[in-house]
Every structure is written in structure tokens, then in C-alpha cells.
Asks: 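Once you've had a glance at the structure underneath, I'll fire off some questions.
Only a predicted model underlies this, so the values are computations on that prediction, with no experimental measurement involved. Every chain is numbered from 1 and lettered A, B, ... according to where its sequence line falls, protein lines coming before strand lines.
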There are 2 protein chains.
Amino acid sequence: MESVSGAARVRRHEDVKSAARVLEVLELLGAEGARLSLADMASTLAVPKSSLHAVLRTMESRRWVETDPSGTLYSLGLKALLTGTAYLESDDLAGIAGPVLDLLAEETGEAVHLGRLDDTDVVYLAKRESRHALRMYSAVGRRLPAHATALGKAILSQYDAAEIQRRLNWPLPALTPSTVTDPDELLAQLADARKRGWAQDEGESSVDIRCVAVPLGTGHGGGDAISCSAPRSRMDDARLSEIAVHVTEAAHSLRTLLRRLGEH
Amino acid sequence: MESVSGAARVRRHEDVKSAARVLEVLELLGAEGARLSLADMASTLAVPKSSLHAVLRTMESRRWVETDPSGTLYSLGLKALLTGTAYLESDDLAGIAGPVLDLLAEETGEAVHLGRLDDTDVVYLAKRESRHALRMYSAVGRRLPAHATALGKAILSQYDAAEIQRRLNWPLPALTPSTVTDPDELLAQLADARKRGWAQDEGESSVDIRCVAVPLGTGHGGGDAISCSAPRSRMDDARLSEIAVHVTEAAHSLRTLLRRLGEH
DNA sequence: CAACGACATTCGGTCTTCTGAACGCATCGG
DNA sequence: CCGATGCGTTCAGAAGACCGAATGTCGTTG
């Protein structure tokens, strides 16, 4: 080893290369919902084909990825199903939130979400549909930029301006024409939300969808929130205020349940 | 390890060690639904602590695992949520099965499942509750031994005796007193199921639950099936036959839809 | 209060994996 | 029919991970 010559005394903690690559492959296949070739992934991840080949063979033999009949396109394997549901089961909040979300969905008749901050995104942990629960799990696990959703803004409103600057990835991407991308505007909205106790989204993530969200606290290194969303046609300002009360009450119940759980 | 001087001519395709370990950690944390210490995992997986430490640090920095406030107990992280739902979205069958399962659940009023064979287990891909859809996703991703479920027996009935011997892990574990563990008995039941077109489960995975399942084909290296289950009190022999007809029809619809999809 | 135990963490030498450039094998177009 | 392009796959040298033993750190116990 050439460690003699002067530099690099610092010994920063580095990642285990192929461990990181396994996770990157899973994230890539998960994000795209995709079937990708080895060469595609290699160029996307900037990893040599030959190295990725060995990693994929390992993943395939354990059924974490599957290949086409043709053998050239990879997608997620059956084992990948295990972790998602296990995460929800091992999580205290997701475990106890069910009944509270059901109640909120019944009171409001609209879509209800439980979300958690992960870096700059909000991840849906649970969902209740406004009416019938078709393909309910399709949204769980999905992520949206925090600044473009009521959930994300509710969570961010619990931090001060400096922390918010640090947590977001500037410049902010716009999902719709209404998405707030101006730093000052966003900080002002978050200050409002903090004062008021709830955040809102005016078609900033999906056109014509209004949404109200209330934060639950700053656990897990990120933070959680619950929300209620509906099309503009069913949600005028009066209804929005009314729904905000229901969501706030639900959030209060959840915080109480969580605290009890923490005390054993 | 002891490097045996001179041997190892064969150069078999071996796994990438730390890639395999990442997957083993995910499977361990996923299966136990657990919070485990580094030392626990190291001894369970038979891996040196120091090696596992580096792998876990990599996984933690990417939020695939999280630690306690105390920092000593690991559990699955937020990123783990991504893969499970993405698998379901990328899968043709899971994608189109929704409406068919809904119909079947409505016709029968009972719990409906879509399952897939993975080694010796059946994995639930989708579920419809008999009445209200509370905590619906809790079962998706869960696994049960194939020989103890109607779903598993339906799938296995599509293979011949030799293939069944090969696919199962003998001796068969018993989940309830009724679980079939005798090879001849199981093969006889599977032969019946093949002839009849549907398999059944008489409290073999859960006491007092009867279940009817119909296979969908042998794709994905395993095979798929759908089922309908109910407590014995709501399912006498007459009702069971009646339900078997509904399940068979639903399976027929699904096979047709799948075939169309294959032809573009 | 000190010694213990259980745990995560560090460290350097050895052995493994990683990698760029080669190959084999299809598919496609001229 | 042949060359070109794309893919997955292999290989030996180079680079980095792996592991046992030692250390650091916490909470608990004698």
C-alpha cells in the first residue's frame, strides 16, 4: 500500500462498494418500475458492466431480481416484496395509525395519507381511498418532493429556516405550474403553517388537488405527518377549514397513542 | 479462512460476498420484523462482526436500515419500502389482477388472495378482505409453506411428482395439527387437485379456515394461483363447491387477460 | 466506586473482489 | 452472405474489502 506519501491521513468512512451497488440496483429498479438491461444499469449507475454482472448474478440467485424469459432484462424479484411490508410492520407509527386513518377517512370521505420525510422526499406509509380501496397499496412506498406536498410542508414547518435550507435540494423542482419553487415564498408558507398548525397544497403536486396536512413530530430523523386530499371541485375554502379540524384532531390522537406506546 | 494450499481448481461462479450479505441482512430484518443488534445478526448469519459493521454502515447511510435512538438496534429503513410496492407495479399479473380479485371478493363475500410460489413458500401478492379492508397490505409479501396452503397446493398440482419432490423441503413442517406432512398423502391430494382443477386446505395453515385455490400457470419459475378462504362456520361443503366455481371462473378470466397482454 | 460484561468500533496484513479489455453470441441491415 | 452493432460473459492484474484481535464506550453489577 502506498499510504506512505504524505496525504490521506483522514481515513474517512467509506462505503462497501458492492454493498452500495446492491442498494443502488434495488433503488433503480424500484424507482423506474422498470425492466432494465445490464448495460443500461451499468451506464446509469456509472459502474463497469463486468462488476455489475457479478452483483446481479448474486442478486438473481437469491431471487432479489428476476430476468426476462430472454434473460436480458432485469426486474425486481419476489424477495423484494418482503422488505416493504416488513418495514411497515416493524414501525410503531404505521402499526397504530390504521384505525385513526380509517376514522379520518370516514369522517371526511376523502383520501387520507400518512407520510414520512426521507431526505428531500415524502414517502407514503399508508393510504385510505376516498371510496373503494382498489389497488390500495399502489401508493404506499411512493415518494414525492417534500416541498410540493402538504405532507412535506407540514413536516418541514417543524424545523427552523436554516434546517429547512439544509434539508432541501436547491433549486426546487416544479411538478406543476403551481409548485412553490421560490425559497422566500416557501419559507413564508412554512412559517404560516407552523403558526396555524397545518400546511396546505394548492395543486402543487397534482393539478386540481387540494390537500391539508398536520405534522406528528420529528422522529426517525425525518418526521411524520397525516393529510387529507380532494379535488378542488369537492373542496372549497370552507370545507378545507372544516377538514383541517378533523386532520388536526386525528393528529392529536396519533401523538397521544404514540406517547403511550413510548411509555410502555 | 484456511487457505488450503493447491486446491480449488474449479472456479465455480461464486457470490459477491458483501452483496450477498446485504441481501441476507434485509431478509433477516424482514423476516423477523425485528430490531436486532449487530452482534445478533453477526452470529445468526455467521459473519464476523467487523465485516458486518461495514456493510451495515453502508446500508444505514443510504437509509436501508435504521438504528434505535440508542444506536444499537437495527431495523429496516425507509428505502426498504420502495422495492415491495415497485415489484407489484412492475408485475403484469399483479397489475391486472385487481379488478378480477375485487369481483371475486364481491361474489363470494370472503377473503381472496393472489399468491406466487417462491422456492418452498407461497408469497401473497394481493389480498381482498371479506368485509372492510383494514390494514390490507399487512399480508402482502408474507410467506407460508406451500404444502400447507390451498394456494401452494394448487400451484404444485401443476407439476409432476418428481418435480414436487425436488421443490419441497423435506420433511415438511406442520403449522397446525391438520397440516399434511406425509409425502404420499400430499401427492395424492395434489393428484386430486390436478384432476379436479382446484386445491383445498382444511385448516392446514390456520385452524378452522377452509380455503379453495385454482392455479393460473407456471410463469416466473414458480407459478401463481388465486384462492378464497373462510372460517369453517361460514363454509360447509356445499358452499365450498359453489365458491370453487367462482374461483375457477376468476382464474379463467385472469388467464385470458394475461394471454391478451402477452400478445400486445 | 471499581470492575465487569456486552456492545460497537478501529486497524493493518492478507486474500478477495473489482475492472478494462478481451471474447462469444445473437440480431440486424445491406 | 457478411460485417456491424448490441448484448452478456470471461479473465488476469490491480485495487480494495475482509477478518481477528485489540480498543473504545456504555450501562450494570459486586
Asks: Minimum heavy-atom separation for B/L156 to B/A146, with atom names?
Replies: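 Between these two residues, the closest heavy atoms are CD1-CB, 4.1 Å.
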
Asks: Send over the distance from A/D15 CG to D/dA17 C1', rounded to a whole Å.
Replies: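 Rounding to the nearest Å, CG of A/D15 and C1' of D/dA17 are 13 Å apart.
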
Asks: Could you pull out all residues at least two apart from A/T67 that satisfy side chain to side chain donor-acceptor pair (under 3.5 Å)?
Replies: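 Result, side chain to side chain donor-acceptor pair (under 3.5 Å) vs A/T67: A/E60.
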
Asks: Can you name the residues that form a side-chain contact (heavy atoms from CB on, under 4.5 Å) with B/S37, not counting sequence neighbours?
Replies: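 With sequence neighbours excluded, B/S37 shows a side-chain contact (heavy atoms from CB on, under 4.5 Å) to B/A39, B/D40, B/L73, given in chain and number order.
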
Asks: On DNA chain D, does the nearest nucleotide to A/A39 precede the nearest nucleotide to B/S18 from the 5' side, or the other way round? Give the residue.
Replies: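 Mapping each residue to its closest nucleotide by heavy atoms, the 5'-most match is A/A39.
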
Asks: Counting just side-chain N and O atoms, does A/S51 come under 4.0 Å of either OP1 or OP2 of C/dT19?
Replies: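 A/S51 to C/dT19 OP1/OP2: side-chain N or O found under 4.0 Å.
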
Asks: Between D/dG8 atom P and A/L52 atom CG, what is the distance in whole Å?
Replies: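 Between P of D/dG8 and CG of A/L52: 9 Å.
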
Asks: Below 4.0 angstrom from OP1 or OP2 of C/dT17, is there any side-chain N or O of B/R21?
Replies: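 Indeed not, no polar side-chain atom of B/R21 lies that close.
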
Asks: With B/K17, which residues qualify under side-chain contact (heavy atoms from CB on, under 4.5 Å), at least two apart?
Replies: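 Only B/R21 meet the side-chain contact (heavy atoms from CB on, under 4.5 Å) criterion with B/K17.
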
Asks: Report the distance from atom CG of A/L36 to atom C1' of D/dG8, rounded to the nearest whole Å.
Replies: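 So the CG-C1' distance, A/L36 to D/dG8, works out to 15 Å.
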
Asks: Please write out each protein N/O paired with an N/O of nucleotides 24-29 of chain D under 3.5 Å, distance rounded to 0.1 Å.
Replies:
none

Asks: Would A/R167 and A/Y159 count as a cation-pi pair here, with the cationic atom under 6.0 angstrom from the ring centre and within 45° of the axis?
Replies: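 Geometry flag: set, cation within 6.0 Å and 45°.
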
Asks: Report the residue (A/S37 or A/V16) whose heavy-atom-nearest nucleotide on DNA chain D is the more 5′ of the two.
Replies: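 Going by which nucleotide is closer to the 5' end, it is A/S37.
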
Asks: For A/S75, what residues pass the side-chain contact (heavy atoms from CB on, under 4.5 Å) criterion, not counting sequence neighbours?
Replies: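 In terms of side-chain contact (heavy atoms from CB on, under 4.5 Å), with neighbours along the sequence ignored, A/S75 is linked to A/R35, A/E66.
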
Asks: Under the side chain to side chain donor-acceptor pair (under 3.5 Å) test, which residues partner A/S253, sequence neighbours left out?
Replies: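 Not a single residue meets the side chain to side chain donor-acceptor pair (under 3.5 Å) criterion with A/S253.
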
Asks: Suppose we screen for side-chain contact (heavy atoms from CB on, under 4.5 Å). Which residues come up paired with A/A154, at least two apart in sequence or across chains?
Replies: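 side-chain contact (heavy atoms from CB on, under 4.5 Å) check on A/A154 returns A/A199, A/A213, A/P215, A/A225.
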
Asks: Could you tell me the separation between the CG atom of A/L56 and the C1' atom of C/dC18, rounded to a whole number of Å?
Replies: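 The distance from CG of A/L56 to C1' of C/dC18 comes to 15 Å, rounded to the nearest Å.
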
Asks: Could you tell me whether the phosphate oxygens of C/dC15, OP1 or OP2, come under 4.0 Å of any side-chain nitrogen or oxygen in B/K17?
Replies: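 Checking C/dC15 against B/K17, no side-chain N or O comes under 4.0 Å of OP1 or OP2.
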
Asks: Report the distance from atom CG of B/L38 to atom C1' of D/dC19, rounded to the nearest whole Å.
Replies: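 From B/L38 CG to D/dC19 C1': 14 Å.
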
Asks: What pairs with A/R62 under side chain to side chain donor-acceptor pair (under 3.5 Å), at least two apart in sequence or on another chain?
Replies: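 Per chain and number, A/R62 pairs via side chain to side chain donor-acceptor pair (under 3.5 Å) with B/D15, B/E24.
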
Asks: In whole Å, I'd like the distance from the OH atom of A/Y74 to the P atom of D/dG8.
Replies: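 Whole-Å distance recorded here is 7 Å.
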
Asks: Can you find a side chain N or O atom of B/H53 that sits less than 4.0 Å from OP1 or OP2 on C/dT9?
Replies: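 For C/dT9, OP1 or OP2 has a side-chain N or O of B/H53 closer than 4.0 Å.
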
Asks: Of all of residues 43-50 of chain B, which get a heavy atom below 4.0 angstrom from DNA chain C, listed by number?
Replies: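 Per residue number, the list reads B/K49, B/S50.
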
